[in-house]
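Worksheet for the structure shown next.
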There are 2 protein chains.
Amino acid sequence: MTEKDDFALQDFLPFLLNRAAEESSLEFQGQYRDRYGMLRTEWRVLFHLGIYGSMTAKDIGVRAKIHKTKISRAVAKLTERRFVVRNRDEKDRRAEHLSLTPAGEAAYRDLQSVAKDYDAKLTSQFSDDEAETLRRLLKKLSGMEV
Amino acid sequence: MTEKDDFALQDFLPFLLNRAAEESSLEFQGQYRDRYGMLRTEWRVLFHLGIYGSMTAKDIGVRAKIHKTKISRAVAKLTERRFVVRNRDEKDRRAEHLSLTPAGEAAYRDLQSVAKDYDAKLTSQFSDDEAETLRRLLKKLSGMEV
DNA sequence: CCTTGTTAGTTACAAAATCAACTATTATCG
DNA sequence: CGATAATAGTTGATTTTGTAACTAACAAGG
């Protein structure tokens, strides 16, 4: 396992991002999986609706960069479990406005507090300044608030 | 799509990490997929062997946080394609030392230069200082160089 | 209106990831 | 020593994902 190269591919951003993302997601997954039998995409949809109140599948996909078939399936599961309701847009009958049911809201609030704690745990190893910088740079990478 | 909540789950680190990781990986995937028909895990294994010269499957898994079955299958594919050779450790006959063949080295060098360009493109939106900070914080998150 | 193109969302089928159970080998400890 | 546990890696069955093709609704130009 000897170093062999110059260009620091150890510093390759997609690799560093993937590793950190995978690790934190796996750790957090225990929470929503054990409590609600949710998958990662389902939790992500729930949390978008929890934050923004009402969005279409398309909106969620754009904002979270999740592919539409994944969202379609997640919404189907969440609807089946009565966490989400669909409301067809009367002006454009292709689109559906999604929102949380009371049960969905409850699940969201519950998981939100768990997420808060987990986030705090993750960022506890950083200074406030570092944590803020990390978030800012990640958003910039995703083309948010450029 | 109105804001409804206080706790900035939009700033939830696992979400920001996932989004950025997914986006950059998808973009970069075109390279190794079109050129060599590789999957993400195969490319990741190749790149570890390219950097470190020789590692066991276990080593790679620990360093990159990839599950062992994924690695096992990626190594099988890479071996089949004559990019990787296995050498059983004579002291501990459970372990195999993996390394690149000349063909594997060539593929690595080729993809390395593509990766270099892509990384440069990604980081071009940051100052040198920001890019360095981002890498440092991501490594810290993954428990590297604490 | 009516053809052609686009968009929101779904579905079928193929590909890949996950999980649990497995082999083979080495480590531990009475 | 010998039994039990632990580790490296593989495999099969199941679950999830990705790809492409699809439906249904709207848009724009002639």
Tell me whether the side-chain N/O atoms of B/Lys68 come closer than 4.0 Å to OP1 or OP2 in D/dT10. no

So, with a heavy-atom separation below 4.0 Å from DNA chain C, the residues of residues 77-95 of chain A are A/Arg86, A/Arg94, A/Ala95

Once you measure the plane-to-plane angle for B/Tyr32 and B/Trp43, does it fall in the parallel (<30°), tilted (30-60°) or perpendicular (>60°) bin?
parallel

- Contact class for B/His67 (heavy atom, under 4.0 Å): base, sugar-phosphate, or nothing? nothing

Against the side chain of A/Glu96, the closest entry in C/dA17, C/dT10, D/dT19 is C/dT10

To the nearest 10 degrees, the angle between the two end axes of the helix from C/dC1-D/dG30 to C/dG30-D/dC1 (five pairs per end) comes to 30°

Worksheet entry | Check: B/Arg33 side chain, D/dG18 base, donor-acceptor under 3.5 Å | no

Taken to the nearest whole Å, CD1/A/Ile60 to P/C/dG9 is 9 Å

Just call it for A/Leu39: base, sugar-phosphate, or nothing, with non-hydrogen atoms closer than 4.0 Å on any strand.
sugar-phosphate

Are A/Arg40 and D/dT15 close enough that a side-chain N or O sits under 4.0 Å from OP1 or OP2?
no

Hey, does A/Thr56 reach any base, or is it just sugar-phosphate, or nothing, if we go heavy atoms under 4.0 Å? sugar-phosphate

Nearest-nucleotide check on DNA chain D, B/Gln29 vs B/Ala57; residue mapping nearer the 5' end is B/Ala57

